[in-house]
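This report refers to the structure that appears directly beneath it.
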There are 2 protein chains.
Amino acid sequence: MSTQKIPQATAKRLPIYYRYLKILNDAGKERVSSTELSDAVKVDSATIRRDFSYFGALGKRGYGYDVENLMKFFSKTLNQDHLTSVALIGVGNLGHALLNYNFHQNNNTRISAAFDVKEEIVGTIYSGIPVYQMDEMMEQIPLQQIEIAILTVPAQVAQDTVNKLVEAGVKGIMNFTPVRITVPKNVRVQNVDLTNELQTLIYFLDNYAGEEVSEEE
Amino acid sequence: MSTQKIPQATAKRLPIYYRYLKILNDAGKERVSSTELSDAVKVDSATIRRDFSYFGALGKRGYGYDVENLMKFFSKTLNQDHLTSVALIGVGNLGHALLNYNFHQNNNTRISAAFDVKEEIVGTIYSGIPVYQMDEMMEQIPLQQIEIAILTVPAQVAQDTVNKLVEAGVKGIMNFTPVRITVPKNVRVQNVDLTNELQTLIYFLDNYAGEEVSEEE
DNA sequence: TTAATGCTGTGAACATAAGCACAAGATTTG
DNA sequence: CAAATCTTGTGCTTATGTTCACAGCATTAA
């Protein structure tokens, strides 16, 4: 495709860079070096330079990087120049919080439809977002050109729901359930398992006490 | 310490294994092979065997693994035999959802104190958890023997809050803010950046269309 | 204009992780 | 009891990611 062969590890850091560049740009800063960036985003400066280099020579030797240019470049790279619509599946405890969560603020993304089984909320508008019946996914998802779903349903129905989502044409799923779901290989899953994360943190504390700084999602 | 040198990648998978073993055990299953596990947790069977092997020979050739034993072993390894108390810092939109989130269900962990600046909620009980003033961290955290904090405060105050948490003795932070916080090296940070996660997912869809299955937090 | 300085971009070393493939041993079957 | 079958545990290969260290060039200072 367009930009081939960007390592996954690099891709995962792009939003971090982008966010900080926006902050710098808003503050009126014109140039920045990999060392300065490194401090702010906690990524080794060599790693930053290597990451950037996959996209070509974005900086100038002896000078650094032009904040505005770089920011705009990443904006394009991360598709921030067009609004992405996302569906929320399951308006429970966590789902409800995500409806209110301001993805839009620094991310050209909006939850444009929510789906749930609970009759009493179907048909209503939650935080400005309409709640549909589960069965309506098949219709609404293609209609609203949604390719991404945030999954916050109970574990027991996770796989079934995913099957329907895939059938409706969803291409990416942010999976908040603890289930490791099965999808066709053209569908991308990003697991966000909070319980897991917490358990891992506890494990590290107890077993790697005082050893390193740390990382990632 | 106790079990030395478990690779990070392995450590991050332990809760996944543990969760599934509990399910198998509850279902009355007595033995399981790495291939079966592989199907359920979406981790290559060789990787599973390697992961387990760091803890010694847990299985039997020609048989597989004893579900109950293995489950109990991981329970101990993941400290599930004692309750871990956690503090929630920032009872906003997301924080509130996390108070209700059932960490306890399959994870011997409980949010035992919440902290916020909003006068109107300080002193009240939210979902059974008392909300304290921010200043009370210094007192409550050691008192309640809390070592882990979930950080859901606004980005602008993230670093300041972290500094106080560290001073109060916190050793692990689950960071929901987009800020890459600075901590002493004996403190562990687990970043959970939802905006980031979503942006990365979008990036992968647009640039790696139909290429692989996927992964992680 | 020339010298000093700064910072990128990258070859190469190192580190971590994943997975193949199979010997070794246990179990099950006949 | 012997043969057939199964599944672990691991040496080794390959893949992916990180970091060092520096040549090369642009910028800045004199």
Side-chain angles (χ1 to χ4, degrees), chain A residues 3-14 16-17 21 24 29-67 69-70 73-74 180 200 204 208 211-217, chain B residues 3-14 16-17 21 24 29-67 69-70 73 180 200 204 207-208 211-217:
Chain A
T3 37
Q4 207 81 13
K5 258 165 243 310
I6 308 296
Q8 294 220 7
T10 296
K12 287 187 182 178
R13 283 187 291 263
L14 299 182
I16 307 176
Y17 299 143
L21 287 167
L24 288 183
K29 206 151 185 310
E30 290 185 353
R31 51 186 276 192
V32 68
S33 70
S34 59
T35 319
E36 272 176 279
L37 274 174
S38 174
D39 263 2
V41 301
K42 313 275 185 263
V43 174
D44 185 276
S45 67
T47 302
I48 292 179
R49 291 198 300 280
R50 170 94 45 199
D51 282 348
F52 289 3
S53 79
Y54 291 117
F55 297 95
L58 302 176
K60 274 192 243 180
R61 289 163 196 237
Y63 178 90
Y65 301 89
D66 180 280
V67 172
N69 278 352
L70 195 58
F73 177 82
F74 280 123
R180 309 316 259 198
T200 304
F204 278 131
Y208 294 63
E211 242 178 57
E212 265 302 280
V213 203
S214 58
E215 80 300 351
E216 224 30 38
E217 302 92 89
Chain B
T3 38
Q4 207 81 14
K5 257 164 244 311
I6 307 298
Q8 294 219 7
T10 296
K12 288 188 181 177
R13 283 187 291 263
L14 298 183
I16 306 175
Y17 299 143
L21 287 167
L24 287 183
K29 207 154 185 310
E30 289 185 354
R31 52 186 273 192
V32 67
S33 71
S34 57
T35 319
E36 273 177 278
L37 274 173
S38 175
D39 264 1
V41 300
K42 313 275 185 266
V43 173
D44 185 274
S45 67
T47 301
I48 293 179
R49 291 197 299 279
R50 172 88 53 194
D51 282 348
F52 289 2
S53 78
Y54 292 118
F55 297 95
L58 301 175
K60 272 192 245 179
R61 289 163 196 238
Y63 178 92
Y65 301 89
D66 180 280
V67 172
N69 277 353
L70 196 56
F73 178 81
R180 310 314 261 197
T200 303
F204 279 131
N207 298 78
Y208 294 62
E211 244 177 56
E212 265 301 280
V213 203
S214 58
E215 80 297 356
E216 226 25 40
E217 301 92 271

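So you know, we letter chains A, B, ... as the sequences are listed, proteins then strands, and number each from 1.
- Under the 30°/60° scheme for interplanar angles, the aromatic rings of A:Phe74 and A:Phe52 are found to be tilted.
- Rounding to whole angstrom units, CD of residue B:Glu36 and C1' of D:dT8 are separated by 14 Å.
- Contact of B:Arg49 with C:dG19 (side chain to base): no donor-acceptor pair of N or O atoms is detected under 3.5 Å.
- Taking only distance into account, the side chain of B:Arg61 never meets the base of D:dG9 through a donor-acceptor pair shorter than 3.5 Å.
- Rounding to whole angstrom units, CG of residue A:Leu14 and P of D:dG17 are separated by 12 Å.
- Minimum interatomic distance between A:Asn69 and A:Asp66 (heavy atoms only, all atoms of both residues): N-OD1, 2.8 Å.
- Residue A:Tyr65 is classed as a sugar-phosphate contact, given heavy-atom separations below 4.0 Å to backbone atoms only.
- Distance A:Tyr54 OH to C:dG9 P: 13 Å, rounded to the nearest Å.
- Separating the NZ atom of A:Lys12 from the C1' atom of D:dT16 is a distance of 12 Å, rounded to the nearest angstrom.
- Between the base of D:dG17 and the side chain of A:Arg13 there is no donor-acceptor pair shorter than 3.5 Å.
- Atom OG of A:Ser38 and atom CZ of A:Arg49 lie 9.0 Å apart (nearest 0.5 Å).
- Of the two residues contacting DNA chain D, namely B:Ser53 and A:Val43, the nearest-nucleotide position lying further toward the 5' end is that of B:Ser53.
- The side chain of A:Asp44 has D:dT19 as its nearest neighbour among D:dT19, C:dC20, C:dC7.
- Within the 4.0 angstrom heavy-atom criterion, only backbone atoms of the sugar-phosphate kind lie near A:Ser34; the bases stay farther away.
- Taking CZ of A:Phe204 as the start and CD1 of B:Ile6 as the end, the distance is 10.5 Å to the nearest 0.5 Å.
- Here the P atom of nucleotide D:dT8 and the CD1 atom of B:Ile48 are 9 Å apart, to the nearest Å.
- Taken to the nearest 0.5 Å, the CG atom of B:Leu37 stands 11.0 Å off from the CG atom of B:Asp51.
- Side-chain atoms of B:Lys60 lie closest to C:dA26 of the nucleotides D:dG9, D:dG11, C:dA26.
- Each of D:dT28, D:dT19, D:dG17 was ranked by its minimum atom distance to the side chain of A:Pro7; first place goes to D:dG17.
- Between B:Arg50 atom CZ and D:dT8 atom P the separation is 14 Å, expressed in whole Å.
- Nucleotide D:dT16 holds its C1' atom 13 Å from the NZ atom of A:Lys5, rounded to whole Å.
- Between A:Thr47 and D:dT19, a side-chain N or O to OP1/OP2 separation shorter than 4.0 Å is present.
- Nucleic acid contact for A:Ser45: none, since no nucleic acid atom lies under 4.0 Å from a heavy atom of the residue.
- Separating the CD atom of A:Gln8 from the C1' atom of D:dT18 is a distance of 16 Å, rounded to the nearest angstrom.
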